[in-house]
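For reference, the structure is listed below as structure tokens.
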Amino acid sequence: MQAFDPNDYRKRVLADIERRGGLEESDAFEIYDIPLEEVESLTDAEVAARVEEVWGFWQRQRDHPKYRVLVGLLVDAHPNLSRVLLDSAVRRVEAARIRDVRERRDADRYELLDAAISRLVQRHGGVPAGKVAGLEEIGAMGGLGVAEVATRLRRHRVIEDAPTPLGVLTDQRRQQIRQLLSEWERLIDGEPTPTLFALLRVDPAKAGQGQEIRLRAEALRARSRELPPGRVRVVLDELLIHIRDVLESGEATLREYLRAVAEDVAKELRPKVRAAVLVEDELVGDDFQYLLDEAMRMGLDRADATRVLTEIAAELGARVSNSPPAMPPQPIAQPPAPRRWEAPLKAARGALRGGRPQEAARHVEDARRLVGSDGEGLTPIRSVSDEVDRVLSEAQAHWRDATAACAAKRYVEALPHLEQVRRTASDLLPPSQVPSIDQLLAEAREAIAEADRLVAEAQAGPDDARMRGLIAAVEVCADHAGAAVALAESPIEAPRRVETTRLANGSVLVAWSPTSTDNVAYRVTRLQPDGSWRVVGRTQATELEDGGAPAVGQPIYAVAAAVAGRYSEITRSDTGPAVKPQRGPEQSQDDPSPSGIPTVTGLDEQAGLLVFVWPTGVTEVMAVVRPDHPPTTPDDPQARSWKVTNMRYEIDGGVRIPPDIPRPCHVAIASCRREPNGKLTVAAGFAPTARIRWFG
């Protein structure tokens with residue numbers, strides 16, 4: 001049973017219960033986050049501890065803006081809900097009943113998805129890869145998540161789509177570029193970098209000057225090679241790949257990127273233009289200048305910014321003018337009737353531009369009260385009101401994400417959310433008992449700075465204190481990139497001895513010698529008859545009782561030490577230490593350092609993903625898979641291979657093995673090196689430590 005994670009529980013368990021309509025559609029095992037498949041191996045003490053943890057979490061969430069009603073119901077139902085879990089005999093009977101209930105419920109949830117998959121298989125002989133996104137949408141209609149759809153698809157062959165031509169700017173690549181540029185802005189103090197042109201300091205109006213782009217890109221590559229290993233270099237290397245593929249690959253792709261930037265800017269500005277023109281039917285004066293500056297800040301030059309604003313205004317039936325329109329002369333005897341609602345409405349628009357939506361909402365209410373009996377003015381007021389609601393809704397979403405991240409000490413994740421709220425909704429009042437936006441911003445920045453200091457001290461200090469310092473940095477800022485990279489390079493000693501004893505009650509006591517690494521927890525796994533490994537439990541002690549052990553024979557166990565989500569080599573009960581599970585046969589001719597490129601280490605399986613430690617200076621690897629026997633070389637014609645960047649690895653948490661590859665299979669990892677001219681060199685072979693047998 002995994003350690004209780006409050007943020008994960010909120011997003012996974014509470015969100016599912018809320019989505020299904022409440023407690024009636026849930027069960028005690030889900031509500032207290034107790035895996036149904038581990039019920040037989042859990043002791044009463046472990047279950048009671050989990051129930052107590054969840055109960056305490058509910059108490060702290062009574063004022064949560066989204067889940068306070070649900071949490072109140074859970075607190076009231078706690079005595080009855082927990083009763084069926086605390087006694088082992090009652091718990092096993094309840095578990096059997098819930099399994100049947102879940103199977104019936106899952107059959108209904110999967111019915112629509114299974115029907116769609118069946119039609120695709122009949123038509124195509126498998127599931128086309130391009131249809132997977134559509135199947136995910138169909139699954140969502142039945143309440144299925146992406147992971148659940150992927151699990152269902154493992155039963156069928158996924159047919160690869162025709163390869164996308166190189167140089168095409170796909171939606172996925174556009175999203176990756178935006179994410180990388182946003183992260184670069186957070187990592188580096190300096191001018192904003194909304195586009196790849198801004199990163200190269202190239203005026204978008206001069207985008208056609210390919211020579212200048214190439215020279216600036218080469219200068220940036222030289223700068224990247226001088227950077228020490230770390231998150232800054234990882235992000236810059238990824239951006240340089242996009243610069244090469246998008247800006248340097250040809251005029252057509254470059255122009256396509258310019259169009260994509262303009263589309264993104266237009267999408268962002270369209271609601272603001274709509275709010276501006278509905279009052280005057282014209283984009284004039286300060287409004288025009290403000291929106292023009294916004295468009296240029298987002299990466300357009302003045303000409304393209306003006307063109308985008310003009311096109312949006314034309315869509316809305318308005319025109320653009322750089323100066324306020326002259327009012328036509330009116331007869332003195334018949335002055336125009338004053339429209340008292342205009343003044344508060346303009347004040348609302350000004351408050352929105354100043355990042356004060358709460359103030360804007362008050363001005364909108366004032367405007368509504370001043371509308372005459374004929375209802376004139378309701379349309380522009382409604383438009384501004386909708387914009388206020390949108391800004392407040394987005395700010396509240398950022399606020400929820402920020403407070404959740406701060407509660408979990410993921411301050412790097414929280415910081416951009418907090419800065420967005422500070423920029424667009426500075427007057428948004430936080431929930432009760434939550435610090436203000438300025439307090440949380442200061443807290444996040446101080447935590448990141450403190451983690452920076454601890455990492456620097458740990459790397460400069462003695463080896464025996466290095467791990468303690470890095471763990472202290474993670475405790476201060478759980479998602480600190482520098483600490484994660486440094487921890488990945490720090491070895492974790494495996495337990496030196498594992499012994500098993502059959503107890504009188506039929507269970508097996510697994511005991512081991514502690515590792516010398518500080519602050520570790522231990523993961524205990526049992527070898528299954530099919531060759532896979534099943535997690536028995538996790539503990540900070542040096543022994544664990546396996547109540548679910550087979551009654552016949554002496555099972556084989558493996559114990560690994562864990563620090564901050566990383567695992568040591570395992571020690572098995574039937575062998576010595578540092579044996580890798582599921583490892584396939586290694587070829588004696590393997591070179592320990594093929595082509596002189598550093599190789600990956602710590603190759604293992606974790607949560608259905610292939611995980612390993614990246615060597616210093618390597619940001620790309622080639623994953624090579626064969627179902628019949630270990631791959632011979634990275635270009636083995638009988639193998640399937642694909643490139644993995646460390647950015648993709650970090651996003652996914654490891655390497656995903658495509659579901660259509662038969663299990664078990666043989667996996668090998670070849671390191672790659674990016675040459676000064678941008679060419680990718682793949683190692684000629686694999687190191688012995690870079691092979692594994694994958695059971696999936």
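The first residue in the sequence is number 1, and the count goes up from there.
Under the 30°/60° scheme for interplanar angles, the aromatic rings of Tyr257 and Phe197 are found to be tilted.
Of all heavy-atom pairs between Pro630 and Arg691, the closest is CB-NH1, 3.4 Å. Scanning all heavy atoms of the two residues, the minimum distance from Ala402 to Ala414 falls at O-CB, 3.8 Å. Listed here is the closest heavy atom pair of Leu603 and Ala690: CD2-C, 3.4 Å. Contact detail for Ile661 and Cys665: the closest heavy-atom pair is CG2-SG, 4.0 Å. Residue Thr645 comes nearest to Trp614 through the heavy atom pair C-CH2, 3.7 Å, listed as atom of the first residue, atom of the second, then distance. The heavy-atom pair separating Cys672 from Val682 by the smallest distance is SG-CG2, 3.9 Å.
Arg221 and Glu248 are joined by a salt bridge, as a carboxylate oxygen and a charged side-chain nitrogen come within less than 4.0 angstrom of each other. Taking 4.0 Å as the cut-off between side-chain N and carboxylate O, Glu218 and Arg214 do not count as a salt-bridged pair.
Judged by distance alone, the side chain of Thr515 and the main-chain N or O of Glu493 form a donor-acceptor pair under 3.5 Å. Formation of a donor-acceptor pair under 3.5 Å by the Arg255 side chain with backbone atoms of Ala252 is not found in this model. Remark: the backbone N or O of Tyr411 is paired with a side-chain donor or acceptor of Asp479 at under 3.5 angstrom. Judged purely by atom type and a 3.5 angstrom limit, Thr195 has no side-chain atom pairing as donor or acceptor with the backbone of Gly299. When atom types are taken as modelled, the side chain of Glu185 and the backbone of Pro192 share no donor-acceptor pair closer than 3.5 angstrom. Under a 3.5 Å cut-off, the side chain of Ser671 and the backbone N or O of Pro598 do form a donor-acceptor pair.
With values rounded to the nearest 0.5 angstrom, Trp694 atom CH2 is found 5.5 Å from Leu610 atom CG. Rounding to the nearest 0.5 angstrom, the gap separating the CG atom in Asp245 from the NE2 atom in His242 is 8.0 Å. Remark: Ile213 CD1 to Ile243 CD1 distance equals 9.0 Å, nearest 0.5 Å. Taken from CZ in Arg173 to OG1 in Thr253, the straight-line distance is 9.0 Å, to the nearest 0.5 Å. For the atom pair CD (Glu605) and CD1 (Ile657), the distance works out to 10.0 Å, reported to the nearest 0.5 Å. Between Leu199 atom CG and Leu181 atom CG the span is 6.5 Å, to the nearest 0.5 Å.
Between Leu609 and Arg656, some side-chain heavy-atom pair lies under the 4.5 Å cut-off. Using a 4.5 Å cut-off on side-chain heavy atoms (C-beta onward), Asp604 and Glu569 make no contact. Side-chain contact between Val624 and Arg640 is absent, with no heavy-atom pair separated by less than 4.5 Å. Residues Val127 and Ile117 form a side-chain contact, since some pair of their non-hydrogen atoms from C-beta on lies under 4.5 Å apart. No side-chain heavy atom of Ile177 sits under 4.5 Å from any side-chain heavy atom of Leu180. Within the 4.5 Å cutoff, the side chain of Glu263 has no heavy atoms near those of the Glu268 side chain. Using a 4.5 Å heavy-atom threshold, the side chains of Val644 and Met622 count as separate. Residues Lys409 and Cys477 are not in side-chain contact: their nearest non-hydrogen atoms beyond the backbone lie 4.5 Å or more apart.
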Exercise for the section: Give the C-alpha distance, both sets of side-chain angles, the deciding distance and a yes or no for side-chain contact (heavy atoms from CB on, under 4.5 Å) between Thr193 and Arg201. Expected result: CA-CA 9 Å; Thr193 53; Arg201 301 292 181 255; 3.8 Å; yes

Exercise for the section: For the pair Asp264 and Arg174, evaluate side-chain contact (heavy atoms from CB on, under 4.5 Å) and give the outcome as yes or no after the intermediate values. Expected result: CA-CA 10 Å; Asp264 292 340; Arg174 289 170 61 176; 3.1 Å; yes

Exercise for the section: Might you work through the side chain to side chain donor-acceptor pair (under 3.5 Å) test for Gln528 and Arg526, ending with a clear yes or no? Expected result: CA-CA 6 Å; Gln528 301 291 94; Arg526 182 192 334 119; 3.3 Å; yes

Problem - From CA spacing to verdict: side-chain contact (heavy atoms from CB on, under 4.5 Å), Glu620, Ile241 - result: CA-CA 11 Å; Glu620 297 161 280; Ile241 293 173; 3.7 Å; yes

Problem - Verdict with reasoning, Arg12 to Asp16, per salt bridge (Lys or Arg N to Asp or Glu O under 4.0 Å) - result: CA-CA 6 Å; Arg12 181 169 45 83; Asp16 280 356; over 6 Å; no

Problem - Steps toward side-chain contact (heavy atoms from CB on, under 4.5 Å) verdict (Leu254, Val246) - result: CA-CA 6 Å; Leu254 186 147; Val246 175; over 6 Å; no

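The ring-ring contact (aromatic ring centres under 6.0 Å, His included) search around Tyr522 returns Trp512, not counting sequence neighbours. Contacts of Arg400 classified as side-chain hydrogen bond (donor to acceptor under 3.5 Å, both in side chains), with partners at least two apart in sequence or in another chain: none.
Asp636 and Thr632 are linked by a side-chain donor-acceptor pair at a separation below 3.5 angstrom, with hydrogens and angles left out of the test. Counted by atom type alone, His480 and Asp452 present one or more donor-acceptor pairs between their side chains at under 3.5 Å. Side chain to side chain, Thr619 and Asn646 fail the donor-acceptor criterion of an N or O pair below 3.5 Å. Gln176 and Arg178 share no side-chain donor-acceptor pair at under 3.5 Å.
Listed by first and then second residue, the salt bridge (Lys or Arg N to Asp or Glu O under 4.0 Å) pairs involving residues 606-617 amount to none (not counting sequence neighbours).
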